Amino acid sequence: MDSHNVDPEEFYAKQDRIGKGSFGEVYKGYDKRTQKTVAIKIIDLESAEDEIEDIQQEIQILSQLDSPYVTKYHGSYLKGSQLWIVMEYCSGGSCSDLMKPGVFREEYIAIIVRELLKGLEYLHSEGKLHRDIKAANILLSANGDVKLADFGVSGQLSGTLSAKKNTFVGTPYWMSPEVIKQSGYDHKADIWSLGITAIELARGEPPYAELHPMKVLFLIPKNPPPTLEGPFSKTFRDFVSFCLQRDPKDRPSARDLLKHKFVRMAKKTNYLTELIERHERWRAEGGDRIEEEDRRNPMEETNSVDSDDLWDFGTVRHSATVGRAKPNPVQVSGPPLTWENNGSMRSDGSSSSGRHSFGHRARLQTPGKGELPPIPPPAPSTPKAKHGLNQGTVRQIVNGHGIARELSDEYGEDYEDQDEHEGPPPSDDDLPDTTMLDSVVLPAIASLFPRVSTQEARVALSALQRAFTDAERIIPGVTLELVNEIVDSVEHVDEDR
Amino acid sequence: MNFFKTKPRTPPDLVRGLRDTLPRLESTVPGSEQRRKANDDVAKSLQQMKSMLNGDGEPTPELIAQLSQEAYATDLLHHILLNIHRLDFESRKDVVQIFNSLLRRQIGSRFPTVEYLNGKPDILFAAFKGYENEDIALNTGMILKEMLRHESLAKMLLHSEQLYMFPHYIETTTFGISCDAYNNLKETLTRHKPMVADYLDKNYDRFFASYTQLIMSSNYVTKRQSLKLLGEILLDRANFSVMTRYIANEANLKMMMNLLRDKSKNIQFEAFHVFKVFVANPKKPPQIESILRRNKEKLLMFLKNFHNDKEDEQFADEKQFLIAQIQMLQ
């Protein structure tokens with residue numbers, strides 16, 4: 001048989017690693033034929049959790065996209081069990097990287113949002129959804145062109161565009177209510193995520209960033225949509241509120257939003273190179289030292305028995321650097337530097353409710369208005385990397401599809417009732433009793449199986465699953481209550497620190 | 001009626017216009033002004049056809065019927081496929097959509113396009129041959145996939161000499177295309193079960209000789225995926241007699257026993273799902289039983305340590321069952 005498969009290294013040279021995720025790694029590289037720089041994602045299919053078919057389906061979709069607003073796909077090659085996916089390289093980095101020296105000014109955000117809308121307009125006209133819009137997945141080219149990245153590769157990949165699985169797709173903080181409820185969703189889910197991303201770009205993090213991601217999964221469908229708070233123009237706040245409407249039907253399409261004043265007034269994209277330059281200056285002055293520190297000992301962090309890592313949703317493992325970005329590290333480096341917004345973007349008040357009120361944060365939050373961001377002191381890097389992890393993309397496969405879906409729908413109705421009555425805030429009792437069991441606890445236990453090696457241990461895990469199921473049958477809702485208790489105590493622990 | 005737009009071309013005009021423009025793609029020099037013009041014209045016609053078939057604007061079944069009739073009468077589909085590599089990126093995607101809309105077109109229980117293609121084998125084989133050009137392989141692969149949903153078209157490919165090009169396409173193309181070819185092979189072999197069972201039964205030797213090449217491929221993905229598909233084929237009830245033949249063959253058993261020890265865990269696992277059929281067979285032929293008996297202790301030891309970290313309960317049960325079966329061998 002003629003088995004002269006193309007060795008990717010014939011065509012591409014791999015250089016520095018620029019990102020890492022559970023799916024594999026992302027390298028900078030170049031095409032040996034043209035000398036053009038490329039990004040190379042390398043997935044080891046032998047250890048990837050996704051089916052090869054799912055990865056291939058994503059590649060098929062990628063290969064059919066051709067837009068200046070979407071990172072271009074160049075090809076994929078196999079080397080042993082390693083899959084090389086060659087993509088356009090965006091030297092400007094991701095918006096979450098670029099935010100490390102500080103959040104963006106409104107005028108920059110307007111440009112980015114406009115370009116994102118163009119990208120979404122293209123995708124949606126092709127009948128495709130992105131499903132994971134967030135700063136980490138927005139890349140800038142050297143001259144400031146904005147590109148949507150990560151139609152997923154692996155981890156998120158298989159979830160991202162294949163609708164066949166009943167999956168939570170996206171990243172909890174950026175997810176729309178209907179995606180979380182799994183009650184069916186369409187391109188308007190991307191519009192919601194765009195609204196959240198606009199808040200993220202303006203304030204450094206998405207709403208609820210201080211909360212545990214699992215808690216957020218319950219808050220988003222329950223609470224009124226977030227709004228953009230802070231010293232921003234009415235037009236900007238108005239734009240965000242358009243995106244963040246609970247009923248997807250009320251959200252305008254990408255095409256309609258392009259007519260909104262906020263983006264119509266925006267400047268040209270080459271203006272965004274200032275953000276790239278700012279980031280370069282920040283790095284030159286040692287701004288990424290903290291990041292380096294994180295990079296050095298990520299294993300200790302994730303392996304240590306820390307309350308945030310108590311659960312493995314199977315999914316948070318798929319987190320992190322989709323694109324070439326590290327998980328949103330604004331918090332990692334402590335200061336959402338107040339360079340341009342003069343300290344007002346994230347009031348200490350809001351952070352005091354969450355787990356971000358660490359001593360060092362306050363210390364770092366010195367307003368540093370001026371041409372250059374202050375060089376962050378080599379902050380204690382301790383408690384943070386894991387939080388970045390929490391913001392990674394979640395891909396939660398829900399067991400027992402039909403059931404989970406039905407329940408989620410009920411959940412939605414419950415919510416509506418609450419809303420109408422304007423009564424006391426809905427309590428957790430209104431949630432479908434077994435969703436927590438079916439979609440969180442049982443899968444979490446299931447994900448432990450591969451990590452134990454004895455038959456005895458597996459039996460113990462099965463017994464644990466059965467015990468939960470039994471308890472749930474006898475005391476409906478008990479799993480949810482238990483998890484809430486744990487989440488609450490997790491937060492207390494953190495606050496105490 | 002829409003009075004504000006120029007009157008759209010009638011479907012026959014549209015199809016004939018496109019049919020007449022296609023040869024200009026062949027005759028003009030790439031990069032020339034004439035070629036660019038021809039490409040533009042083709043792109044416009046394809047877009048119009050696509051939106052007409054999608055039912056954008058004011059679709060009427062009559063318009064679509066006229067368009068289809070004209071497409072059949074002018075042999076348009078074949079000519080489009082022969083020129084698809086000359087089209088621009090978006091036009092290629094439009095071609096896929098046009099094919100797929102036409103293929104799904106249904107009148108009662110009849111599929112007129114399928115009936116048309118039944119009489120034009122060249123069109124299906126032109127789509128299949130798309131694997132030879134990586135620029136268009138994924139587009140033609142999608143067209144082929146839509147064709148293979150229909151039993152008569154799948155049968156045409158299955159019973160053809162070209163079927164045996166699949167291993168070549170799977171082995172010599174880059175990952176994305178190779179996977180696409182594999183998926184279409186899988187589609188051909190699994191969608192229309194009784195028809196496939198009949199084919200495999202009648203062409204057993206040739207088919208499995210060719211298929212074994214895929215299993216023994218040095219390409220990780222080819223090997224892993226073709227083993228997985230083999231497992232699916234053998235375990236399908238429709239293929240009972242094929243399975244019986246397969247698991248009576250010593251060479252097949254030896255191959256699987258070797259693959260159980262492949263360096264890739266995933267390949268081991270897929271091999272297990274074929275190996276189990278040999279062991280579970282209540283009427284093992286003597287030559288099979290003798291190999292198993294000869295290796296009884298080794299197999300027992302091997303299986304005891306085989307993939308103990310899998311959470312899959314069914315797998316654990318099956319493994320226990322195999323161990324019990326092997327233990328009983330005297």
Side-chain angles (χ1 to χ4, degrees), chain A residues 1-8 11 43-49 51-67 72-86 126-127 314 443 445-459 461-462 465, chain B residues 54 88-90 92-93 96-97 134-135 137-139 141-142 145 167-183 186 210 212-214 216-225 228-229 262-269 304-305 307-313 316 319-320:
Chain A
M1 175 151 310
D2 34 8
S3 175
H4 62 82
N5 256 280
V6 193
D7 181 343
F11 297 145
I43 303 173
D44 185 9
L45 296 175
E46 180 67 8
S47 54
E49 286 180 24
E51 296 289 331
I52 291 174
E53 286 86 347
D54 295 334
I55 294 175
Q56 190 258 339
Q57 199 186 351
E58 292 294 332
I59 287 177
Q60 177 129 9
I61 287 164
L62 269 179
S63 73
Q64 299 297 302
L65 296 177
D66 181 22
S67 157
K72 181 103 185 97
Y73 165 78
H74 293 309
S76 45
Y77 306 86
L78 198 64
K79 188 176 175 64
S81 64
Q82 282 190 339
L83 176 62
W84 289 36
I85 300 177
V86 184
E126 292 283 310
I445 300 174
S447 74
L448 298 175
F449 277 91
R451 292 190 247 157
V452 302
S453 52
T454 66
Q455 188 62 31
E456 202 185 1
R458 280 189 296 278
V459 169
L461 287 176
S462 307
Q465 286 185 320
Chain B
N54 281 349
D88 59 41
F89 186 85
E90 293 297 327
R92 288 175 192 167
K93 281 160 59 181
V96 175
Q97 287 212 26
E134 63 172 339
D135 295 336
L138 291 180
N139 301 101
M142 279 188 252
K145 180 163 192 206
H168 174 76
Y169 293 151
I170 290 171
E171 283 283 86
T172 59
T173 50
T174 56
F175 176 80
I177 299 165
S178 168
C179 285
D180 191 88
Y182 162 81
N183 285 343
K186 181 177 175 182
S210 171
T212 301
Q213 291 184 296
L214 288 177
M216 299 314 287
S217 167
S218 59
N219 179 313
Y220 168 81
V221 171
T222 306
K223 197 181 191 86
R224 176 173 156 186
Q225 297 291 76
K228 185 176 172 187
L229 178 55
D262 191 277
K263 66 179 192 304
S264 153
K265 286 252 173 197
N266 288 298
I267 288 171
Q268 293 172 5
F269 187 66
K304 249 174 219 123
N305 297 313
H307 290 225
N308 284 336
D309 50 353
K310 277 251 155 36
E311 58 184 281
D312 187 337
E313 228 174 87
K319 201 176 82 170
Q320 285 312 315

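From a predicted model like this one, the values you see are computed outputs, not experimental measurements. Sequence lines set the chain letters: A, B, ... in the order given, protein chains first and strands last, and positions in each chain run from 1.
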So for [X], is it side chain, backbone, both, or neither that comes closer than 4.5 Å to the heavy atoms of chain A?
X: Q225(B); answer: side chain
X: D180(B); answer: both
X: K186(B); answer: side chain
X: K265(B); answer: both

Among S63(A), S462(A), S81(A), single out the residue with the greatest number of heavy-atom pairs under 4.5 Å to chain B. S81(A)
Quick one: do the N308(B) and K319(B) side chains pair a donor with an acceptor below 3.5 Å?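 Yes.
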Using non-hydrogen atoms only, which part of L461(A) is less than 4.5 Å away from chain B: side chain, backbone, both, or neither? neither
Q320(B): side-chain hydrogen bond (donor to acceptor under 3.5 Å, both in side chains) partners, not counting sequence neighbours: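 Result, side-chain hydrogen bond (donor to acceptor under 3.5 Å, both in side chains) vs Q320(B): none returned.
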Only one of L65(A), D66(A), I59(A) clears side-chain contact (heavy atoms from CB on, under 4.5 Å) with Y73(A); which?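 Single pass found, and it is I59(A).
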Rounded to the nearest 0.5 Å, what's the gap from CZ on R224(B) to CG on D262(B)? Could you check? 11.5 Å
Do other residues, nucleotides or ligands put more than 12 heavy atoms under 6.0 Å from the NZ atom of K145(B)? no
